[in-house]
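One structure is given here, and the rest of the page talks about it.
Bear in mind the structure is a predicted one, so any value in this text is a computation, not a measurement. Every chain is numbered from 1 and lettered A, B, ... according to where its sequence line falls, protein lines coming before strand lines. For the numbers below, each heavy atom of this structure counts, side chains included, while hydrogens, waters and symmetry mates do not.
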Protein chains: 2
Amino acid sequence: MARPSKQEELVEKALKIFYRDGFHATGMDKLVEETGISKTSMYKYFRTKEDLILATLELRDQQFRDMMTTRIEALADTPKGKLVACFDTLQEWIASDAFNCCMFIKAASEYQNPSHPIHAIAAKHKNTMTTYMAGLARDAGVGDPEGLARQLMLLKEGAIVTAHIQGKAYAAPDAKDAARILIEHACP
Amino acid sequence: MARPSKQEELVEKALKIFYRDGFHATGMDKLVEETGISKTSMYKYFRTKEDLILATLELRDQQFRDMMTTRIEALADTPKGKLVACFDTLQEWIASDAFNCCMFIKAASEYQNPSHPIHAIAAKHKNTMTTYMAGLARDAGVGDPEGLARQLMLLKEGAIVTAHIQGKAYAAPDAKDAARILIEHACP
DNA sequence: GACAAAATGTACAGATCGGTTCATTTAATG
DNA sequence: CATTAAATGAACCGATCTGTACATTTTGTC
């Protein structure tokens with residue numbers, strides 16, 4: 001019943017491989033080998049490798065925002081509490097084995113032209129996340145909810161790349177400490 | 001008098017191209033074409049492409065830290081002022097045409113294994129930057145200078161990737177606003 | 001101008017790249 | 001069981017990848 005279609009299976013598996021190894025570093029032959037799906041099928045569902053990458057990023061966007069909102073709702077019930085819970089969720093994710101930096105930051109690193117569709121989908125994801133946090137900030141009665149949301153997003157992005165490059169030890173707790181200060185400073 | 005050697009010329013030119021186009025996306029043939037230096041010479045100075053990349057990153061580390069410290073010294077003369085000046089310098093850099101994200105973040109994005117020499121040199125650069133900021137924080141008499149330095153570094157990294165992905169409009173000013181709050185909160 | 005060092009252009013190797021072709025096999029449906 | 005659709009394997013295309021080989025030309029020095 002509603003077993004994932006071959007196409008969905010391909011996108012899910014390709015997502016993991018692109019996330020683990022990168023985009024340029026992952027050839028179509030490696031995808032065939034690791035997914036067990038034939039190249040013929042891949043090119044039946046997606047006209048180009050780029051189209052497949054875009055599909056994996058769309059799925060990632062959905063998966064990641066689901067994970068964030070679900071955990072935040074579970075961890076807190078006040079608006080201000082949810083803003084802090086963003087950073088508890090961030091910490092959980094970074095601490096997990098699944099963490100391997102942010103797929104959209106890495107995508108934008110490999111496809112730097114802002115008008116490139118892959119770069120554009122990364123921007124869209126970040127904009128969506130910022131808007132979500134601005135909503136939480138507005139619910140909390142913050143004077144400049146967009147401003148606070150952008151500040152908190154800076155901490156989130158910083159923690160992700162720092163954990164990826166320098167290690168997981170400090171990044172997430174530091175981000176949460178700093179976030180609390182900024183939230184308190186912005187709160188009425 | 002001390003005209004750059006062919007090897008130095010190669011590293012400088014390769015740095016610009018890798019920074020602009022990425023590492024996997026830049027082939028040796030493109031380097032030959034754009035630098036005007038023959039492939040034979042390149043492989044005389046560097047055994048592999050990876051060795052050349054490492055040389056460009058070493059140069060970038062030196063250039064970037066020179067730029068930061070020079071501007072910070074020019075902009076402020078008190079320790080606390082220098083901490084804020086970090087973010088003025090960041091803003092200048094991001095606003096400039098030379099800005100194209102952080103080369104080390106992009107390097108770590110393409111070479112994700114922490115034990116890979118390219119990833120390791122990125123970590124070294126970030127550690128050096130953090131230590132530098134901790135020194136400024138200590139001079140300012142902050143109680144936990146390393147902690148403040150790590151928080152400010154999160155803002156810096158966040159501003160860099162945000163400016164790269166979502167655009168330059170808000171990233172640096174937001175980072176400076178947040179930094180000032182954190183610095184005031186940490187100062188005696 | 002003679003000599004040595006440095007740099008060059010070109011061709012090439014072997015592997016891999018994204019993508020196509022096509023005949024065959026598997027799976028679902030009547 | 002027969003028919004159709006879905007998926008496969010394998011070979012192949014031209015381009016590009018990193019790296020090498022070698023003969024030639026340029027450059028600097030006495």
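Ion pairing of B/Asp61 with B/Lys124 is absent here, as no side-chain N (NZ or NE/NH1/NH2) approaches a carboxylate O to less than 4.0 Å. Between B/Lys126 and B/Glu157 there is a salt bridge, since a side-chain N of the basic residue sits under 4.0 Å from a carboxylate O of the acidic one. We find that A/Lys39 and A/Glu33 are not joined by a salt bridge, their nearest charged nitrogen and carboxylate oxygen being 4.0 Å or further apart.
If you run ring-ring contact (aromatic ring centres under 6.0 Å, His included) between B/Phe64 and each of B/Trp93, B/Tyr132, B/Phe104, B/Phe99, only B/Trp93 comes through.
Between B/Glu50 atom CD and D/dC17 atom P the separation is 18 Å, expressed in whole Å. Here C/dG18 presents its P atom at 12 Å from NE2 of B/His24, a figure rounded to the nearest Å. Distance A/Arg47 CZ to C/dT20 C1': 13 Å, rounded to the nearest Å. Atoms CG (A/Asp29) and P (D/dT8) sit 15 Å apart, rounded to a whole Å. Taking atom CD of residue B/Glu8 and atom P of nucleotide C/dA7, one finds them 12 Å apart after rounding to whole Å. If you take CD of A/Glu33 and P of C/dT16, they are 10 Å apart, rounded to a whole angstrom. When rounded to the nearest whole Å, the span between CG of B/Leu31 and P of D/dT18 equals 8 Å. Rounded to whole Å, atom P of D/dT18 lies 13 Å from atom CZ of B/Phe23.
When the nearest nucleotides of DNA chain C are assigned to A/Thr48 and B/Val32 by heavy-atom distance, the more 5′-ward of the two goes with B/Val32.
A close approach under 4.0 Å does not occur between any side-chain nitrogen or oxygen of A/Lys30 and OP1 or OP2 of C/dC17.
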Mind listing the side-chain donor-acceptor pairs of residues 141-155 of chain A below 3.5 Å, one per line with the distance, residues two or more places apart or on another chain?
unit_1	atom_1	unit_2	atom_2	d
A/Asp144	OD1	A/Gly147	N	3.1
A/Glu146	OE2	A/Arg138	NH2	2.5
A/Arg150	NE	B/Asp174	OD2	2.5
A/Arg150	NH2	B/Asp174	OD1	3.3

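Under the ring pair (Phe, Tyr, Trp, His ring centres under 6.0 Å) criterion, B/His24 pairs with B/Tyr111, sequence neighbours left out.
Residues from residues 35-45 of chain B lying near DNA chain C, meaning a heavy-atom separation below 4.0 Å, are B/Gly36, B/Ile37, B/Ser38, B/Thr40, B/Ser41, B/Lys44, B/Tyr45 in numerical order.
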